[in-house]
Asks: 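Quick one: this structure, given as structure tokens, is what I'll be asking you about.
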Amino acid sequence: RPPRSTLFPYTTLFRSRIALVLASAFFTAEGAKKFRLRAHRAGHFPREPIHPFSVPNGHSQIHMLISAFQDGDRCANTINRALDKARYPDRLSFNVLQAAGPGDVVCLEEFRSKLLPNLCSGQSTDCEAATLARIHVWTIPLKEAKGPAHQRGLLSERAILPGQDSMCLSTDSHMSFVDAWDDLLIQDWTSTNNEFAVLTAYPLATRNANFAGTKAHINLCGYFLEDDLPRGVTGATLTNQGEQSKPTLTMNWAAGQSFSRCHAEKNVPVDKELRWLFTGEEVDRAVRLWTHGYDLYNPSINAVKIGRAHV
């Protein structure tokens, strides 16, 4: 695999990384205290997933990673909705990287001044301080923002993700959530019985809220070519019939919704060298996650929703 520093803008080298989806790779553990990466050797694949090292519960931490280009008001509302709709909001923490210019709404200040007082109304006296302590925000000038993949890569370098068994949700800055979304995602992830599962799909549009929650799921499977680079295809929004289905394996990774153990974010961070890139970011991450031993799944629920108005 070519060095990360040379991958872009040299298109040939970038496409050579994509070609790894047809190849095999293996990695070995680097010390007893680090997470083991599953070995995928040519002609040999594990028949069974590696069972979770521990089962997440109501006390399990969930760290959210949010990248915002300007978008300060929607970013603040995303944090507010995540906390308001969670079954256990105290377990949530946030890592936000916002590119902002003079006069732009600042995500944290918008949340602190306009949304937090109402969120903490009737709660303990330390609610506001305790909530703010779990929100980590970095701001960069607009001129330093070089596309979504680059900005997510900068966030990967900065993100504070404590807890060996913690969970991570990487998403966008204009999102909404169903009631008890945190429990639903953890239950869905746990049902894979796979420590290296990554639940990922394009989130449900808020205008299709009648399909939210356990009523349906997004079928994200397959690619089409856009500017000669693969991009994921959403097959359909499928209703869940009868007994709740389980997540299904897919070859895709979607930037708008990626839920996994946080070691996936640490072992396979977004590549900040992919500057000015939109199409290609997702297949790049899918290949790198897979060659590091992670399995990608379509969630069997719609717990996260996306609002694209004015984005």
Side-chain angles (χ1 to χ4, degrees), residues 52 54-68 71-98 105-138 155 158-191 199-200 203-204 206 209 212-215 256-262 264-265 299 301-307:
S54 64
V55 178
N57 54 39
H59 300 289
S60 300
Q61 294 176 290
I62 298 179
H63 304 297
M64 296 184 63
L65 294 91
I66 300 171
S67 175
D71 214 19
D73 53 346
R74 283 178 287 271
C75 171
N77 275 289
T78 295
I79 295 174
N80 186 67
R81 294 186 194 110
L83 290 165
D84 184 52
K85 293 292 187 178
R87 176 160 290 171
Y88 302 105
D90 290 346
R91 68 166 163 199
L92 302 184
S93 70
F94 300 84
N95 293 269
V96 180
L97 181 72
Q98 182 187 12
V105 175
V106 177
C107 177
L108 181 59
E109 292 306 316
E110 180 81 357
F111 174 74
R112 187 206 312 262
S113 62
K114 296 185 179 180
L115 302 172
L116 183 58
N118 185 63
L119 187 69
C120 284
S121 177
Q123 304 295 321
S124 62
T125 56
D126 66 344
C127 173
E128 293 193 20
T131 301
L132 291 172
R134 305 197 308 274
I135 303 175
H136 314 288
V137 178
W138 298 269
L155 178 58
R158 294 163 169 79
I160 300 170
L161 309 172
Q164 180 171 306
D165 297 329
S166 58
M167 309 298 296
C168 275
L169 173 62
S170 178
T171 190
D172 290 327
S173 58
H174 35 269
M175 312 304 290
S176 187
F177 305 85
V178 302
D179 290 335
W181 66 268
D182 52 330
D183 253 8
L184 290 174
L185 277 179
I186 281 180
Q187 291 169 15
D188 213 35
W189 182 89
T190 302
S191 71
L199 301 186
T200 184
L204 183 74
T206 52
T214 60
K215 298 176 184 177
Q257 180 182 197
S258 179
F259 186 74
S260 64
R261 290 282 201 200
C262 287
E265 296 291 340
I301 56 172
N302 287 316
V304 181
K305 298 180 290 182
I306 188 168

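What you see is a predicted model; the values in this text were computed from it and never measured. What you see below is based on every heavy atom in this structure, not just the backbone, and it leaves out hydrogens, waters and symmetry mates.
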Asks: Atom OG1 of T131 and atom CG of D126: how far apart are they, to the nearest 0.5 Å?
Replies: 8.5 Å
Asks: Does K305 offer a backbone N or O that forms a donor-acceptor pair with the side chain of S176 under 3.5 Å?
Replies: no
Asks: Roughly how far, to the nearest 0.5 Å, is SG of C127 from CG of L119?
Replies: 6.0 Å
Asks: Give me the atom names and distance for the closest heavy-atom approach of N57 to I186.
Replies: O-CD1, 4.2 Å
Asks: Only counting residues at least two apart or in another chain, list the ones meeting ring-ring contact (aromatic ring centres under 6.0 Å, His included) with F177.
Replies: W181
Asks: Quick one: which residue pairs count as a side chain to side chain donor-acceptor pair (under 3.5 Å) with a foot in residues 106-115, not counting sequence neighbours?
Replies: E109-R112
Asks: Looking at every heavy atom in both P56 and R261, which two are closest together, and how far apart are they?
Replies: CG-NH1, 4.0 Å
Asks: Could you grab the distance from atom CD of Q164 to atom CD of Q61, nearest 0.5 Å is fine?
Replies: 12.0 Å
Asks: Find the distance between SG (C75) and CG (N80) and round it off to the nearest 0.5 Å.
Replies: 11.5 Å
Asks: To check you understand the geometry: which heavy-atom pair defines the closest contact between A82 and M64, and what is its length?
Replies: CB-SD, 3.8 Å
Asks: Check whether any side-chain heavy atom of T190 lies under 4.5 Å from a side-chain heavy atom of P52, and answer yes or no.
Replies: no
Asks: When rounded to the nearest 0.5 angstrom, what distance separates CG in L115 from CZ in R81?
Replies: 9.0 Å
Asks: Can a donor-acceptor pair be found, under 3.5 Å and without considering hydrogens, that links the side chain of N95 to the backbone of L161?
Replies: no
Asks: Does R87 CZ have over 12 foreign heavy atoms under 6.0 Å away?
Replies: no
Asks: Please name the pair of heavy atoms, one in R91 and one in D182, separated by the smallest distance, quoted to 0.1 Å.
Replies: NH2-OD2, 3.0 Å
Asks: Just so I know, are the side chains of L132 and L108 near enough to count as touching, which here means a heavy-atom distance under 4.5 Å?
Replies: yes
Asks: Residues in ring-ring contact (aromatic ring centres under 6.0 Å, His included) with W189, at least two apart?
Replies: none
Asks: Compare every heavy atom of K85 with every heavy atom of V178, then report the nearest pair and how far apart it is.
Replies: O-CB, 3.5 Å
Asks: Would you find a donor on one side and an acceptor on the other, under 3.5 Å apart, between the side chain of D188 and the backbone of L184?
Replies: no
Asks: So, the side chain of H63 versus the backbone of P162: is there a donor-acceptor pair under 3.5 Å, distance only?
Replies: yes
Asks: Look at the side chain of S166 and the backbone N and O of I62, then say whether any donor-acceptor pair between them is shorter than 3.5 Å.
Replies: no
Asks: Within the distance-only criterion (no hydrogens, no angle test), does the side chain of T200 pair as donor or acceptor with the backbone N or O of Q257 below 3.5 angstrom?
Replies: yes
Asks: Is it true that a side-chain atom of R134 and a backbone atom of F94 form a donor plus acceptor pair closer than 3.5 Å?
Replies: no
Asks: Could you measure the distance from the CD1 atom of I135 to the CG atom of L83? Nearest 0.5 Å is fine.
Replies: 6.5 Å
Asks: Which atom names give the shortest non-hydrogen contact between G256 and P203, and what distance separates them?
Replies: O-CG, 3.6 Å
